[in-house]
Each structure stands twice: as structure tokens, then as C-alpha cells.
Amino acid sequence: MVRDVEAIRGEIARRGFAVLDTTLGEFEILAGVLGGSVSVRHRGPAIDRLVPTDVAAAAPHSLSAVFGLGEFPFHTDAAHHSAPPRYLLLRLAEGSTTDTPTLIVDGRPSELSCADVKTLTRETWLVRGGGTRTFYAPILDTSRMMLRFDPGCMTEPTGTRLTGRQLLRDWLARSSVEEIRWVPGATLVADNWRVLHSRPALGPNDKSRALLRKLVV
Ligand SMILES: [Fe+2]
């Protein structure tokens with residue numbers, strides 16, 4: 001059974017994420033307790049089923065459209081939303097198997113120098129929202145202590161020193177990476193404003209890989 005929700009919130013506040021053992025029903029209940037569900041795309045399903053998708057079959061501006069079955073870069077989810085969801089919940093779909101973990105890094109801004117925070121806050125990237133909607137947003141919004149980074153839907157500014165991407169790369173390189181192994185029941189609950197996630201390239205044993213995702217505002 002899902003642990004006490006306050007204990008889960010406490011663990012997320014401490015380290016940015018929690019790994020639980022849940023049933024599918026508990027996964028849905030937990031999402032409901034943490035907040036309201038939101039679909040990653042307009043009129044999308046309440047639970048996404050994430051399966052290996054090659055470049056040709058991927059949705060526009062998704063990471064699969066750029067990286068296909070290859071390695072995904074570290075990113076936050078739904079970066080194209082004007083207000084990205086606070087929590088990301090992932091679990092292995094029933095009957096699925098995968099050898100490929102999800103990798104996560106706790107991107108606490110407290111690990112950055114003041115100069116780095118200023119750069120990440122001031123440098124605005126072009127974000128492609130749904131349809132033809134675009135807007136500008138920084139990688140780090142200190143008013144909400146929120147990270148927003150997805151190279152699939154965000155383009156760095158031109159005509160500036162272009163330091164945000166490099167800062168983020170350096171920051172990730174010195175951060176410790178946690179591996180989430182997808183065994184049945186394993187459920188990741190991550191603070192999507194603070195934790196970045198990625199995955200290595202998919203292998204031949206990942207043909208039946210399917211992760212269920214819920215996003216919570
Ligand atoms: Fe993601």
C-alpha cells in the first residue's frame with residue numbers, strides 16, 4: 001500500500017523524488033491526492049503510455065521526434081505548458097519489461113553560484129507550445145523555484161553568449177545520477193520543477209517497454 005502521503009511529500013521535499021511500490025489503482029489514487037491531473041497534450045489521455053517510438057512516428061516537438069530510440073537528454077516534462085506540472089509519476093505498465101532505467105538528477109538551484117542562477121533566470125528560450133503557440137521562458141524561474149528544460153520544444157536564444165545550456169551541462173556533469181530500475185510495481189514520484197530525468201538509448205530487450213505517466217499540477 002502507498003505510504004502515508006505526508007511522508008512521501010517529505011521525501012520529495014528532501015531529495016526531489018520518491019520511489020514507491022504501488023498497484024495501478026494506488027498509482028492513480030496517489031496522483032489524485034497530490035493534485036489535479038493534466039494531460040501533456042491538449043485533449044490527451046489522463047495516463048500516457050510511453051512506448052519506444054522512432055523519429056518518423058513521433059509527435060512533433062517531442063523528444064522522440066528528435067532522439068527516437070536513442071539516448072534522451074535530461075529534461076523536465078511538459079516544458080511547453082505555460083505552467084509545467086509540479087509532479088511526474090511514472091511506473092512500469094502491467095505485462096511490460098525493460099532493461100533500460102530512467103535516470104534522474106536532483107537539480108536544486110542551491111547547488112549553483114549566484115552568477116549561474118542569474119544567467120539561468122535571465123536567459124530566455126523560445127518555447128513551442130501546442131499548435132502554433134510560442135512563448136519565451138527561462139530555464140530557471142526563481143519566483144517559483146522552477147526548472148523548465150526540454151531541448152525538444154525549447155530553442156536557445158541567438159545573439160547572446162548562449163551560456164545557459166553549457167551551465168546546465170556542467171551542473172549535470174557534477175551531479176549524482178540516480179537510476180530507477182523498472183521492476184513491477186516500482187513507481188517514481190518526482191518534483192518536475194526540481195528534478196531532471198533522461199534515459200539511455202533503448203536496446204533490443206526494450207521492445208515491450210511501456211511506462212505509464214501521470215502529470216500532476
Ligand atoms: Fe520525460
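Predicted model, so just to flag it, every value in this text is computed and none were measured. As the structure lists them, so they are numbered: ligands from 1, and atoms in each ligand from 1. All residue numbers in this chain count up from 1 along the given sequence.
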query: How far apart are the closest heavy atoms of A79 and C153, and which atoms are they?
result: CB-SG, 4.1 Å

query: Taking atom CZ of R122 as the centre, does the number of heavy atoms from other residues, nucleotides or ligands within less than 6.0 Å exceed 12?
result: no

message: What's the separation between atom CG in L168 and atom CG in L112, rounded to the nearest 0.5 Å?
response: 8.5 Å

Tally, protein N/O/S atoms nearer to the Fe ion (ligand 1) than 2.8 Å: 3

field: Sequence neighbours excluded, every pair satisfying ring-ring contact (aromatic ring centres under 6.0 Å, His included) that has a member inside residues 178-217
entry: H75-H197

message: So, taking the atom named CG in D48 and the one named CG in L211, what distance separates them when rounded to the nearest 0.5 Å?
response: 11.0 Å

- prompt: Hey, quick one: are L126 and L167 part of the same hydrophobic cluster, counting side-chain heavy atoms closer than 4.5 Å, chains of contacts allowed?
  reply: no

